[in-house]
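As the structure is a computational prediction, the values presented were derived from the model and not from experiment. The chains referred to below are lettered A, B, ... by the order of the sequence lines, with proteins before strands, and numbering in each begins at 1.
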Number of protein chains: 2
Amino acid sequence: MSARGSVLPILPTPRLDLPAPDVTAPVGLAALIADPTRAGILAMLRSGPHCVCEMAAALGERQNNVSMHLARLRDAGLVRASRHDADARWVYYERDEEACAAAATALDGLLR
Amino acid sequence: MSARGSVLPILPTPRLDLPAPDVTAPVGLAALIADPTRAGILAMLRSGPHCVCEMAAALGERQNNVSMHLARLRDAGLVRASRHDADARWVYYERDEEACAAAATALDGLLR
DNA sequence: CATATACATCAGCGCGGATTGACACACTCC
DNA sequence: GGAGTGTGTCAATCCGCGCTGATGTATATG
């Protein structure tokens, strides 16, 4: 572990008045992704729309839990829901690619 | 909310044998960023190395907590630590830009 | 109408992770 | 050596978040 000491001051001169960066947006988005079920949902929806029971079966989670996580992703605007035309009991979800791209950009802004 | 129904099958045909995507890596990275203190640390370190007391003061957190979060970021390889040459009591942290870029790529892979 | 299916919502509980408070370690200066 | 400073570590506690179990809503079928 050797930091390039050249950028450090000759003597330790800690600044105690530095501003706190605003990270509420990326932190909120990261919290959404930091759950295996929600992340699995977003990953599955890359291959196109899926109904709730499909995702619940693939992820090994109960339907109501998947529904809860989908609600959080919906509130964040990352996914959209729509009932099937032929049988409106089935709700198909798809990603909002623009919102997902914006989220990726926000997270990228923190790490890059 | 209107999904482009054209991609949906005419009749609802749920597939219950879809594979569960592996999202362990992005989920773990997101969990790291999903904390305001750790995200604030990563944001502050974009402007160059900082010692622990600087970041604790700026973030309004106690020094030992910041130390804990820095340890987690260290274990993940996102930051490096090095003692100051003139006064080795001060530990300066800096980002591992390669690791941060890799993390950004992993998260981007989920959202894009 | 009644029944069945697919999904949504809710109170309650349990567990993991962050904070607290105290202490240990490393280093500098006297 | 001893005192002071900056940082790291750890048990105990607190607290938010997801899961469970049950119930509610919407739609389809007979």
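At least one side-chain heavy atom of A:L59 sits under 4.5 Å from a side-chain heavy atom of B:P21. The shortest distance between side-chain heavy atoms of B:L42 and A:V23 does not fall below 4.5 Å. Between B:L107 and A:L111, some side-chain heavy-atom pair lies under the 4.5 Å cut-off. Residues A:L73 and A:I41 have side chains in contact (heavy-atom distance under 4.5 Å, counting atoms from C-beta outward).
A sub-4.0 Å separation between OP1 or OP2 of C:dA8 and a side-chain N or O of A:Y93 is present.
For the contact set between residues 20-36 of chain B and DNA chain D, defined by any heavy atom under 4.0 Å, there are no members. Contacts with DNA chain D (heavy atom under 4.0 Å) in residues 52-65 of chain A: A:E61, A:R62, A:N64, A:N65, listed by number.
Distance from the side chain of A:S67 is smallest for C:dC7 among the nucleotides C:dC27, C:dC7, C:dG17.
Position along DNA chain D of the nearest nucleotide to A:M68 versus A:H84 favours A:M68 as the more 5'-ward residue. With the nearest nucleotide of DNA chain D identified for both A:P14 and A:T37, A:P14 has the one nearer the 5' end.
With values rounded to the nearest 0.5 angstrom, A:M44 atom CE is found 4.5 Å from A:H50 atom NE2.
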Before giving the answer on side-chain contact (heavy atoms from CB on, under 4.5 Å), spell out for B:T105 and A:R112 the whole-Å C-alpha distance, their side-chain angles and the decisive distance to 0.1 Å. CA-CA 10 Å; B:T105 301; A:R112 211 172 314 249; 4.0 Å; yes
Could you go through the side-chain contact (heavy atoms from CB on, under 4.5 Å) check for A:L110 and B:I33 one step at a time? CA-CA 9 Å; A:L110 233 184; B:I33 304 178; 3.6 Å; yes
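With rounding to whole Å, A:W90 atom CH2 is found 11 Å from C:dT5 atom P.
Between the side chain of B:E54 and the backbone N or O of A:R15 there is at least one donor-acceptor pair closer than 3.5 Å.
Scanning all heavy atoms of the two residues, the minimum distance from A:R95 to A:R80 falls at O-NH2, 3.8 Å.
With A:R38 as reference, A:L32 is the one residue of A:L32, A:V79, A:L70 to meet the side chain to side chain contact (heavy atoms under 4.5 Å, CB included) rule.
With a heavy-atom cut-off of 4.0 Å to chain B, the contacted part of DNA chain D has its first and last nucleotide at D:dG4 to D:dT9.
Linking ILVMFWY side-chain heavy atoms closer than 4.5 Å, directly or via other members, places A:M55 and B:L18 in a single hydrophobic cluster.
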